[in-house]
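Here's the structure we're looking at; comments come further down.
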Amino acid sequence: MNQPARALVSAPTVSSARSILERIAAHLSRVVQGKETQARLTVTSLIAGGHLLLEDVPGVGKTTLAEALARSCGLSFARIQFTADLMPADILGAQVFHASSATFSFRQGPIFRQLVLADELNRAPPRTQSALLEGMAQGQVSLDGNTHPLPSPFTVVATQNPLDLTGTYPLPDSQLDRFLMRLSLGHPSPEVEARLLITRGRTPPVEELEPVTGPEELLGLRGLASELRMDAAVAEYVVRLAKATREHGDIERGASTRAVLAVGAAARAHALWEGRDFVTPGDVRAVLVPCLAHRLMLRSNVQGAAAREEASHLLEELSRKVAAPR
């Protein structure tokens, strides 16, 4: 949502967009098997122009999914391992002094890539976590009085473990609200795990994935999705759902206005999967939980994965109760 679309020589159409989205998702499913729904939502988040939070236990394919997304879309990629001693300059870059010419020059940090994987984001202290905020919100970095634009498209995929919270720094609400979607991969089914054992060594590694689209076409898809029609009745439906979260007795703080806009952007991207140029209530319901569950503050004391699960149940309950337009 934070990068403007640029003019393209050959812009994708609504009818051609679905095949492009399916090609990207198929590539993701080659290396993260049995997670077709998550692959589809990952692509939806990317086309909606949002940042993605992958929250799950280690070893289920979060890092692989992010790298496969970058390779499938032909995006420059950087992985930042967040640790307790990581400094903001390790992410953003710094001024470097050249003794020979007695001058300074700016050395770009790893954030200057089109897809940045912030691995275990909650392992770093808040000051370092917040180094990502300006880039995520405005697509730029400000240092020493100078503004440095980030490449376009720019997307952050962050990961965190919702169970092992010892020595971590919970993401502040302002940063959580910057993520358009939160997804959980979960363990693969027993059938998929058995297949992985049998085909181990024959599954193409992520390094061998070839791009199926490029940055320019991706920007075209984002521009196309942003222009899809949303009728007043559907917009009012999104607002009623958000209002319901704000008035629910078990929710301390409901969806923000930024969250409402996130649902709208994701619903438009979801409509592209169906080859439509307009948004339906079904598109809204399809993205409601991934867009809102991580943004709600509950009145109960549960945290981590249990809080996300409870928030998801509450949203599913609200989606059944709030009447949709016909």
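By convention here, the first residue in the shown sequence is residue 1.
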Practice prompt. Please check if the side chain of S130 supplies one atom and the backbone of L133 the other of a donor-acceptor pair under 3.5 Å.
Written response: no

Practice prompt. Answer with yes or no whether the hydrophobic clustering places M181 together with L318; edges join I, L, V, M, F, W, Y residues whose side-chain heavy atoms lie under 4.5 Å apart.
Written response: no

Discussion item. Main chain of H27, side chain of S72: is a donor-acceptor contact present, judged purely on distance under 3.5 Å?
Written reply: no

Worksheet item: Looking at residues at least two apart in the chain, or sitting in another chain, which of them share a salt bridge (charged side-chain N to carboxylate O under 4.0 Å, His left out) with D173?
Response: R253

Worksheet item: How far does CZ of R246 sit from CG of L296, to the nearest 0.5 angstrom?
Response: 10.5 Å

Worksheet item: Are any non-hydrogen side-chain atoms of D177 and S174 less than 4.5 angstrom apart?
Response: no

Worksheet entry | With sequence neighbours excluded, residues passing side-chain hydrogen bond (donor to acceptor under 3.5 Å, both in side chains) with D231 | R229

Item to complete: Compare all side-chain heavy atoms of L272 with those of D277 and state whether any distance is below 4.5 angstrom.
Response: no

Fill in: Residues in side-chain hydrogen bond (donor to acceptor under 3.5 Å, both in side chains) contact with R113, at least two apart in sequence or another chain
none

Discussion item. Contact between Q33 and P188 at the side-chain level, heavy atoms closer than 4.5 Å - yes or no?
Written reply: no

Worksheet entry | L143-F112 co-clustered via ILVMFWY side chain contacts under 4.5 Å | yes

Item to complete: Look up atom CD1 in I111 and atom CG in D90, then write down how far apart they are to the nearest 0.5 Å.
Response: 12.5 Å

Discussion item. If I compare all heavy atoms of G220 with all of P12, which pair ends up nearest, and what's the gap?
Written reply: C-CG, 3.8 Å

Worksheet item: Can you name the residues that form a side-chain hydrogen bond (donor to acceptor under 3.5 Å, both in side chains) with R299, not counting sequence neighbours?
Response: E252

Fill in: L228 backbone acceptor or donor facing R268 side chain under 3.5 Å
yes

Discussion item. Donor-acceptor pair, distance only, cut-off 3.5 Å: does the side chain of S319 make one with the backbone of E316?
Written reply: yes

Worksheet item: How many angstroms lie between CZ in R30 and CG in L209, if you round to the nearest 0.5 Å?
Response: 5.5 Å

Worksheet entry | ring pair (Phe, Tyr, Trp, His ring centres under 6.0 Å) assessment of F106 paired with H148 | CA-CA 10 Å; F106 178 62; H148 306 275; 4.0 Å; yes

Discussion item. Minimum heavy-atom separation for W273 and L21, please, with both atom names.
Written reply: CH2-O, 3.5 Å

Worksheet item: Any side-chain heavy atom of Q129 within less than 4.5 Å of one from P172?
Response: yes

Discussion item. Quick check: is V302 connected to L292 through a chain of hydrophobic side chains (ILVMFWY, heavy atoms under 4.5 Å apart)?
Written reply: yes

Worksheet, complete the sentence: The residue among L65, T37, T42 that forms side chain to side chain contact (heavy atoms under 4.5 Å, CB included) with L185 is L65

Item to complete: Please identify each residue that fulfils salt bridge (charged side-chain N to carboxylate O under 4.0 Å, His left out) with R23, with sequence neighbours left out.
Response: none

Discussion item. Under a 3.5 Å distance rule, please check whether R240 uses its side chain to pair with a backbone N or O of A323 as donor and acceptor.
Written reply: yes

Item to complete: Check P110 against V116 and note the closest heavy-atom contact, atom names and distance.
Response: O-CG2, 3.8 Å

Fill in: Closest non-hydrogen atom pair, S45 against H51
OG-O, 4.0 Å

Practice prompt. State, without any angle test, whether R285 and Y237 hold a side-chain donor-acceptor pair at a distance under 3.5 Å.
Written response: yes

Worksheet item: What distance do D119 atom CG and I80 atom CD1 have between them, rounded to the nearest 0.5 Å?
Response: 10.0 Å

Response to the item:
To the nearest 0.5 Å, atom CD of E120 lies from atom OG1 of T83 at 9.5 Å

Worksheet item: How far apart are the closest heavy atoms of V157 and L115, and which atoms are they?
Response: CG2-CD2, 4.1 Å

Discussion item. If I take atom CG from residue L28 and atom CG from residue L41, how far apart are they, to the nearest 0.5 angstrom?
Written reply: 11.5 Å

Practice prompt. Heavy atoms only: give me the nearest P162-V57 pair and the separation to one decimal.
Written response: CD-N, 4.1 Å

Worksheet item: Can a donor-acceptor pair be found between the side chains of T280 and D283 at a distance below 3.5 Å?
Response: yes

Fill in: K243 side-chain N/O to V238 backbone N/O, donor-acceptor pair under 3.5 Å
no

Practice prompt. Check whether any side-chain heavy atom of R127 lies under 4.5 Å from a side-chain heavy atom of M87, and answer yes or no.
Written response: yes

Residues 305-312, side-chain donor-acceptor partners within the protein, below 3.5 Å, at least two apart:
from : atom 1 : to   : atom 2 : distance (Å)
R308 : NE     : E55  : OE1    : 3.0
E310 : OE1    : S300 : OG     : 3.2
E310 : OE2    : S300 : OG     : 3.3
S312 : OG     : R308 : O      : 2.8

Practice prompt. Please confirm whether the backbone N or O of L180 pairs with a side-chain atom of R295, one donor and one acceptor, at under 3.5 Å?
Written response: yes

Discussion item. Could you check whether D56 pairs with K62 (Lys NZ or Arg NE/NH1/NH2 to Asp/Glu carboxylate O, under 4.0 Å)?
Written reply: no

